[in-house]
Protein chains: 2
Amino acid sequence: MEAAIEILDKDGEDALTFRALTAHLATGSGAIYWHVADKHELLAAATDHIIARVMTEAVKEPNPQDAIHTLAMGVFDAIDAHPWIGSQLSRDPWQDAVLRILEGVGGRVQALGVPKQDQFNTATALISFILGIAGQYAASARFVASNANRTEHLGAVAAKWEQLDPAEYPFVRQVAKILPGHDDREQFLAGINLILTGIERAR
Amino acid sequence: MEAAIEILDKDGEDALTFRALTAHLATGSGAIYWHVADKHELLAAATDHIIARVMTEAVKEPNPQDAIHTLAMGVFDAIDAHPWIGSQLSRDPWQDAVLRILEGVGGRVQALGVPKQDQFNTATALISFILGIAGQYAASARFVASNANRTEHLGAVAAKWEQLDPAEYPFVRQVAKILPGHDDREQFLAGINLILTGIERAR
DNA sequence: ACCTGAACACCGTTCAAGT
DNA sequence: ACCTGAACACCGTTCAAGT
């Protein structure tokens, strides 16, 4: 598990192959298959390994709104530190790691006083948003390895957006100016707050 | 393009290989590579092909809230009809198809009267939620081919949830009862409405 | 019970050679 | 300009054989 995470963190998700892992552990592929059913289970276990730590740390917060914040930011930071988690989370909604997040979010949704029949839809809405961000963030990370060429990459995307047809893409052209300077973290928090406001209002 | 979509719809995303496509078109792999850079571009083009149609159909609606509804449901229905779109959308946030959705959503967010500095975060929050659902829905579709064993599959998931430790997973155990009977479409709409309520309130 | 590692059945992609 | 298809450099997974 640790060896797998090490490879994923150092060289990205494509670098984790059974051959790379067997080389790293000086073993045969059969040895790994004895402990894990397939590659998907390997990735899911590695993801759960990290998310589990994030969740237990976020448990302390007593205020439900704040708890959802810390919880969501915990997931965000985990994805930031290990971008491959983002792809894995958005790939399979029923893996253990997602279950942990659902429990954490769901508990706070309950504490928020959301009526019982709305709790499932409310919690999964938050989860969907978080997983959506996860996938997007992972995709960005795949393009840009270092933070140095991140701004460069966003600049290139923005330049492409500004060359779109003004009649067809007025909005995209307008936000192209904000894109290179925008803060992912703030953007994520804004989304969480939007949903929290919706929850509060609906209640 | 049509041949690729045909294969994807009939046998799922794993079935689209260059070998399957060349066999279907009675050509060589080089012929495809002449028109498309790589597999990712092929998938992105196929996705854009379908999303483009959805978007132009949703343009008519004058009321911005209703427009966001039709637009989101259009994407949802497209994923329902072609589950591979879900994976593809959540994989790359900067592909053409996502840009189309962003423009559609962004325009309505503007029409909703959201202050200029909040429009980007608001529109991308909606996009993130939609892409999050896209990934999850595609994952479900990967597990269950027909709708017949969908309920069966959800029942199995729910049964697993109910066997979790009551102390650690109280919320998940509680919603396990609702899971098998729940309606994805309604769940999706509830999420959209939650965000729309948040937008309205913030304004 | 757990590990070895060759072998199998695939992939995406390239590129010299054709028309 | 566009296509052919063999060849390359990989994959995940299996399984007889070992300890």
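Residue numbers begin at 1 in each chain, while the letters A, B, ... track the order of the sequences.
Residues from residues 31-48 of chain A with heavy atoms under 4.0 angstrom of DNA chain D, sorted by number: Tyr33(A), Asp38(A), Lys39(A).
The nearest whole Å value for the distance from the CG atom in Leu21(A) to the C1' atom in dT4(C) is 15 Å. Whole-Å rounding puts the Leu16(B) CG to dG12(C) P distance at 8 Å. dC3(D) atom P lies 14 Å from atom CZ of Phe18(B), rounded to whole Å.
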(request) Test Gln88(B) against Glu13(B) for side chain to side chain donor-acceptor pair (under 3.5 Å), laying out the working first. (result) CA-CA 9 Å; Gln88(B) 178 57 27; Glu13(B) 32 175 339; over 6 Å; no
(request) Take Leu99(B) and Glu103(B) through the side chain to side chain contact (heavy atoms under 4.5 Å, CB included) test and state the conclusion after the steps. (result) CA-CA 6 Å; Leu99(B) 221 59; Glu103(B) 178 62 40; over 6 Å; no
(request) Could you provide the dot-bracket string of DNA chain C, using ( ) for intrastrand pairs, [ ] for crossing pairs and | for bases paired to another strand, with Watson-Crick or G-U pairs below 3.5 Å? (result) ||.|||||...|||||.||
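Evaluation of atom-type donor-acceptor distances gives no pair under 3.5 Å for the side chain of Ser29(A) against the base of dT4(C).
For Thr17(B), taking side-chain heavy atoms from C-beta onward, the closest of the listed nucleotides dG12(C), dT13(D), dT14(C) is dG12(C).
Summary of the strand contacts: Arg19(A) and Gly30(A) both lie near DNA chain D, and taking for each the nucleotide with the nearest heavy atom, the more 5' one is attributed to Arg19(A).
Using bins of under 30°, 30° to 60° and over 60° for the plane-to-plane angle, the ring pair Phe76(B)/Phe188(B) lands in the parallel bin. Between Phe120(A) and His182(B), the ring planes lie perpendicular to each other; the angle is over 60°, past the 30° to 60° tilted range.
Electrostatic pairing of Lys60(B) and Asp66(B) does not count as a salt bridge here, judged by no charged N lying under 4.0 Å from a carboxylate O. Between Asp48(A) and Arg53(A) there is no salt bridge, since no side-chain nitrogen of the basic residue lies less than 4.0 Å from a carboxylate oxygen of the acidic one. Ion pair Asp165(B)/Arg173(B) not flagged as a salt bridge, since none of the NZ, NE, NH1 or NH2 atoms sits closer than 4.0 Å to an Asp/Glu carboxylate oxygen.
Taking atom P on both nucleotides, dA17(D) is separated from dC2(C) by 22 Å, rounded to a whole Å.
Taking the ring centroids of Phe129(A) and Phe129(B), they lie at or beyond the 6.0 Å cut-off.
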